[in-house]
Amino acid sequence: THIVTRFDIYESSSYMYKYHKLLQEHALGNFKDFVHDIGLTPAMLVFLNGNQNTLGIPIEIYAREVYELFTLGVDNGYTQQDIVETARAFTGYTDMPEEWGPISFDPNTHDAGVKTIFGLTGNWNYDDVIRILFEERANEIATFKAAKLYRNFVNPTVDEDMVQELATIFIDSNWSIAALSRPAGQTAEVVNVTTRENDLFDGLFRGFVAPHRPLDPALSAGLGTRRTNWRDVRIDDPATRAGAGTHKPEGSKTARETS
């Protein structure tokens with residue numbers, strides 16, 4: 001998703017641990033919550049200079065990244081002035097009493113003045129910006145993320161109709177990443193799986209579910225073909241879970257077998 005940091009910038013194992021733990025916790029969770037929480041992790045605050053973003057000297061880097069990379073896409077639904085005002089709203093997370101320690105909010109370094117973001121005016125802060133972003137730019141966010149998912153896991157050539165269907169799913173699910181990405185188990189709740197759509201779920205399954213949920217060999221055998229029938233595969237069925245934790249590639253050995 002481009003929501004990344006670089007260890008060589010903050011050089012803290014504890015920061016890296018907290019960052020990766022957050023990625024795991026939100027991997028199939030709520031995207032809005034993810035966007036909110038990731039910006040307050042010490043790793044991201046240091047990586048994009050958020051811990052130096054202070055009253056009177058706003059730093060625009062993170063504000064720009066939130067819109068350009070995390071949620072909307074380049075030049076899609078925001079202006080330079082939105083970035084300037086958002087940077088002001090993001091000020092205040094500067095309380096860092098010791099190197100590699102917690103980073104907290106300091107109201108004395110927060111710009112509490114009036115700001116206008118996406119046409120709405122108020123004394124906005126960090127929480128306000130995330131709320132306004134997902135309320136005022138819901139369609140842009142959903143379409144941007146659905147198209148990125150489609151390009152990376154289905155086909156580089158985007159099917160606009162399918163992207164719009166996925167975007168609708170994303171919004172209707174209240175920003176559930178699982179609802180957007182999982183191809184099996186709840187497909188009936190998402191869309192009716194037609195022949196055309198089956199290929200979409202085939203790609204999504206391989207990209208999101210298969211690496212983390214080993215299948216019973218009888219079910220996983222179909223993954224090598226183009227026509228896995230997702231109506232017949234449910235990751236929440238006992239038969240599908242039968243191989244979880246026990247199935248290993250043919251010829252591989254466990255640690256006990258090699259000792």
Side-chain angles (χ1 to χ4, degrees), residues 1-112 115 117 124-134 137 141 144-145 148-149 151-153 175 177 207-208 211-212:
T1 89
H2 289 104
I3 301 180
V4 299
T5 65
R6 281 174 49 187
F7 179 79
D8 63 319
I9 300 297
Y10 48 86
E11 297 184 326
S12 167
S13 297
S14 65
Y15 284 7
M16 180 177 67
Y17 168 77
K18 292 175 182 176
Y19 165 70
H20 279 280
K21 185 172 183 290
L22 186 67
L23 294 181
Q24 294 172 348
E25 291 173 347
H26 287 287
L28 292 175
N30 185 278
F31 183 63
K32 180 181 177 182
D33 292 343
F34 180 32
V35 172
H36 176 277
D37 294 351
I38 196 67
L40 301 181
T41 59
M44 188 65 74
L45 283 167
V46 174
F47 177 52
L48 294 179
N49 305 112
N51 62 321
Q52 301 173 38
N53 188 20
T54 187
L55 173 65
I57 315 175
I59 298 175
E60 299 175 7
I61 298 174
Y62 189 67
R64 185 178 302 278
E65 298 294 86
V66 166
Y67 298 148
E68 186 173 299
L69 292 180
F70 297 179
T71 60
L72 296 173
V74 179
D75 298 328
N76 182 36
Y78 63 90
T79 66
Q80 174 59 28
Q81 191 59 32
D82 287 325
I83 292 173
V84 171
E85 300 286 77
T86 297
R88 293 177 55 213
F90 284 174
T91 56
Y93 292 89
T94 58
D95 187 8
M96 189 177 179
E98 60 180 348
E99 187 176 19
W100 299 331
I103 303 175
S104 305
F105 181 74
D106 179 0
N108 294 318
T109 63
H110 172 65
D111 184 341
K115 312 162 190 78
I117 300 172
W124 309 132
N125 59 23
Y126 183 92
D127 293 347
D128 293 324
V129 170
I130 303 303
R131 174 181 57 78
I132 292 169
L133 168 61
F134 279 81
R137 296 293 185 269
I141 294 170
F144 175 63
K145 301 310 292 186
K148 178 175 284 190
L149 183 147
R151 276 193 298 269
N152 282 278
F153 293 99
W175 306 110
I177 299 172
F208 281 90
H212 306 289

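It should be emphasised that the depicted structure is a prediction, and the values quoted were computed from it without experimental measurement.
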Do you know the tightest heavy-atom contact between [X] and [Y]?
X   : Y    : answer
A63 : A87  : CB-N, 3.7 Å
Y19 : A43  : CB-CB, 3.9 Å
V35 : Y126 : O-OH, 3.6 Å

(Q) Donor-acceptor check, side chain of D82 to backbone of T79, threshold 3.5 angstrom: yes or no? (A)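 Flag set: sc D82 to bb T79 pair under 3.5 Å.
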Q.
Tell me whether K115 contacts the main-chain N or O of E85 through its side chain, where contact means a donor paired with an acceptor under 3.5 Å.
A.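 Judged by distance alone, no pair lies under 3.5 Å.
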Say you draw a straight line from [atom1] of [X] to [atom2] of [Y]; how long is it, rounded to the nearest 0.5 Å?
X    : Y    : atom1 : atom2 : value
I130 : L40  : CD1   : CG    : 8.0 Å
K18  : S12  : NZ    : OG    : 7.5 Å
K148 : L69  : NZ    : CG    : 6.5 Å
N108 : D106 : CG    : CG    : 4.5 Å
M44  : I38  : CE    : CD1   : 4.5 Å
F7   : F47  : CZ    : CZ    : 13.5 Å

Is [Y] close to [X] at the side-chain level, that is, under 4.5 Å between some pair of heavy atoms?
X    : Y   : answer
T71  : F31 : yes
F144 : L72 : no
Y10  : L45 : no

Q.
Assess, by modelled atom type and distance only, whether the side chains of T86 and Y67 contain a donor and an acceptor separated by less than 3.5 Å.
A.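 There is such a pair between these side chains.
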Please output the side-chain donor-acceptor pairs of residues 89-97 that fall under 3.5 Å, not counting sequence neighbours, one pair per line with the distance.
| unit_1 | atom_1 | unit_2 | atom_2 | d |
| --- | --- | --- | --- | --- |
| T91 | OG1 | R88 | O | 2.7 |
| T91 | OG1 | H110 | ND1 | 3.2 |
| T91 | OG1 | D111 | N | 2.8 |
| T94 | OG1 | T109 | OG1 | 2.7 |

Q. Which pairs pass side-chain hydrogen bond (donor to acceptor under 3.5 Å, both in side chains) with one or both residues in residues 43-62, sequence neighbours excluded?
A.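 Only E60-Q80 qualify under side-chain hydrogen bond (donor to acceptor under 3.5 Å, both in side chains).
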Q.
For residues 27-36, which residue pairs pass the side-chain hydrogen bond (donor to acceptor under 3.5 Å, both in side chains) check, not counting sequence neighbours?
A.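 For residues 27-36: H36-D127.
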**Q.** Check against side chain to side chain donor-acceptor pair (under 3.5 Å), T41 and Y15
**A.** CA-CA 8 Å; T41 59; Y15 284 7; over 6 Å; no
(Q) Is it the case that over 12 heavy atoms from other parts of the model lie below 6.0 angstrom from the CD1 atom of I57? (A)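 No - once you tally the heavy atoms of other residues, nucleotides and ligands closer than 6.0 Å, there are 12 at most.
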Q.
Is it the case that atom OH in Y17 sees more than 12 heavy atoms from other parts of the structure closer than 6.0 Å?
A.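 No.
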